[in-house]
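When reading the values below, keep in mind they use all heavy atoms of this one structure, side chains included, and skip hydrogens, waters and symmetry mates.
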Amino acid sequence: MTEVVLFHHSQGLTPGVAAFADELRAAGHTVHTPDLFDGRTFGSLEEGMGYVEQTGFGEITERGVRAAEHLPRDAVYVGFSLGVLPAQKLAQTRPGARGALLFHACIPVSEFGAAWPHGVPVQVHAMEADPYFAEDIDAAHALVSDCAAAEMFLYPGDQHLFADDSLPSYDPDAAKLLTRRAIEFLGSRC
């Protein structure tokens, strides 16, 4: 069993994010899903990003860091899009991190440190033609080329939040494969 801290995307802690967490729990893992928006959810990426911009990316990231303070340090940090900010920061800076799963986004490693921490495996998952991920693809390629414990999986398609089954962007085939890979990754952390 692996401790997992799963951070939601800019539309909030949607039923689809909760369902994904439940799939990880069904595979035997303990999953924590901090709500960085205090119960708010948004009907579109644009609405959610409006809230994030008003609140501040730094504040959202720090909410995630604060939410993890009382949780075990030997966790795998998982982020959906916006949730990659706190997940990646914690994986890079919190001693004891056991790994990171970055869905739909990747931040340049230099944002949180000089290099990805040795011995902390990471996977990046996104659709190959996702227009939002196009901004992050260089950071993802750099991470994979600089870190022996990093992998990137690109799925056919152009949807952003394809692994959230409560959104119109959901792609069942890609989401099933992402979920299988995530569960295998978590199983290797036990």
Side-chain angles (χ1 to χ4, degrees), residues 1-39 41 57-107 109 111-113 115-126 139-140 143-144 147-153 161-166 175-190:
M1 173 177 62
T2 302
E3 290 281 340
V4 177
V5 184
L6 171 63
F7 296 103
H8 61 76
H9 50 70
S10 65
Q11 288 184 247
L13 187 53
T14 61
V17 173
F20 183 82
D22 287 341
E23 287 194 57
L24 300 182
R25 289 181 186 110
H29 305 291
T30 300
V31 183
H32 308 275
T33 54
D35 186 345
L36 306 179
F37 292 177
D38 300 320
T41 57
F57 284 93
E59 172 58 23
I60 297 298
T61 302
E62 290 312 307
R63 286 179 185 181
V65 170
R66 287 190 302 268
E69 285 177 354
H70 71 281
L71 299 174
R73 289 183 168 272
D74 62 339
V76 172
Y77 300 100
V78 182
F80 273 73
S81 191
L82 174 72
V84 164
L85 286 165
Q88 190 170 330
K89 180 173 183 174
L90 287 161
Q92 283 189 239
T93 64
R94 192 174 194 214
R98 296 187 62 196
L101 291 166
L102 312 177
F103 301 151
H104 322 294
C106 183
I107 309 303
V109 170
E111 186 72 24
F112 304 117
W116 189 264
H118 180 72
V120 177
V122 56
Q123 288 183 350
V124 180
H125 297 258
L143 173 59
V144 171
C147 177
E151 297 177 280
M152 180 167 47
F153 298 99
L161 299 173
F162 70 87
D164 182 328
D165 69 6
S166 66
K176 182 178 179 181
L177 183 53
L178 177 147
T179 303
R180 181 178 60 81
R181 287 172 168 159
I183 289 171
E184 288 172 359
F185 180 89
L186 294 173
S188 70
R189 304 294 98 214
C190 294

Provide the closest heavy-atom pair for [X] versus [Y] in the form atom of the first, atom of the second, distance.
X: Ile183; Y: Ala27; answer: CG2-CB, 3.8 Å
X: Pro86; Y: Val65; answer: CB-N, 4.4 Å
X: Val17; Y: Gly12; answer: CG2-O, 4.3 Å
X: Gly99; Y: Ala91; answer: O-CB, 4.3 Å
X: Leu90; Y: Ala68; answer: CD1-CB, 3.7 Å
X: Ala163; Y: His104; answer: N-CE1, 3.9 Å

Practice prompt. Give the intermediate values and the outcome of side-chain contact (heavy atoms from CB on, under 4.5 Å) for residues Tyr77 and Gln88.
Written response: CA-CA 7 Å; Tyr77 300 100; Gln88 190 170 330; over 6 Å; no
Worksheet item: Distance-only, no hydrogens or angles: does the Arg73 side chain make a donor-acceptor pair with backbone N or O of Gly96 under 3.5 Å?
Response: no
Worksheet item: Just by modelled atom types, is the Trp116 backbone N or O under 3.5 Å from a matching donor or acceptor in the Gln92 side chain?
Response: no
Item to complete: Measure centre to centre between the rings of Phe103 and His9, then say whether the value is under 6.0 Å.
Response: no
So [Y] and [X], do their side chains get closer than 4.5 Å, heavy atoms only?
X: Phe57; Y: Leu82; answer: yes
X: Thr30; Y: Arg25; answer: no
X: Leu101; Y: His125; answer: yes
X: Phe80; Y: Leu6; answer: yes

When rounded to the nearest 0.5 angstrom, what is the spacing between [atom1] in [X] and [atom2] in [Y]?
X: Leu161; Y: Ser10; atom1: CG; atom2: OG; value: 6.5 Å
X: Leu85; Y: Ile107; atom1: CG; atom2: CD1; value: 4.5 Å
X: Leu143; Y: Leu102; atom1: CG; atom2: CG; value: 7.0 Å
X: Thr14; Y: Asp164; atom1: OG1; atom2: CG; value: 3.5 Å
X: Gln123; Y: Glu151; atom1: CD; atom2: CD; value: 5.0 Å

Worksheet item: Is a side-chain donor-acceptor pair under 3.5 Å present for His32 with Glu3?
Response: yes
Worksheet item: Given the rule in the side-chain contact (heavy atoms from CB on, under 4.5 Å) test, do Val84 and Cys106 qualify, once you have shown the distances and angles that lead to the verdict?
Response: CA-CA 7 Å; Val84 164; Cys106 183; 5.5 Å; no
Item to complete: Could you go through the side-chain contact (heavy atoms from CB on, under 4.5 Å) check for Thr41 and Gln11 one step at a time?
Response: CA-CA 5 Å; Thr41 57; Gln11 288 184 247; over 6 Å; no
Worksheet item: Partners of His8 by ring-ring contact (aromatic ring centres under 6.0 Å, His included), sequence neighbours excluded?
Response: Phe37
Worksheet, complete the sentence: Sorted by chain and residue number, the side chain to side chain donor-acceptor pair (under 3.5 Å) partners of Asp35 (sequence neighbours excluded) come out as none
Worksheet item: Glu62: what forms a side chain to side chain donor-acceptor pair (under 3.5 Å) with it, not counting sequence neighbours?
Response: Lys89
Item to complete: Report the C-alpha separation of Thr179 and Phe20 in whole Å, then their side-chain angles, then the decisive distance to 0.1 Å, and conclude whether the side-chain contact (heavy atoms from CB on, under 4.5 Å) test is met.
Response: CA-CA 8 Å; Thr179 303; Phe20 183 82; 3.5 Å; yes
Practice prompt. Could you tell me whether Arg94 and Glu69 make a salt bridge, using a distance below 4.0 angstrom between a side-chain N and a carboxylate O?
Written response: no
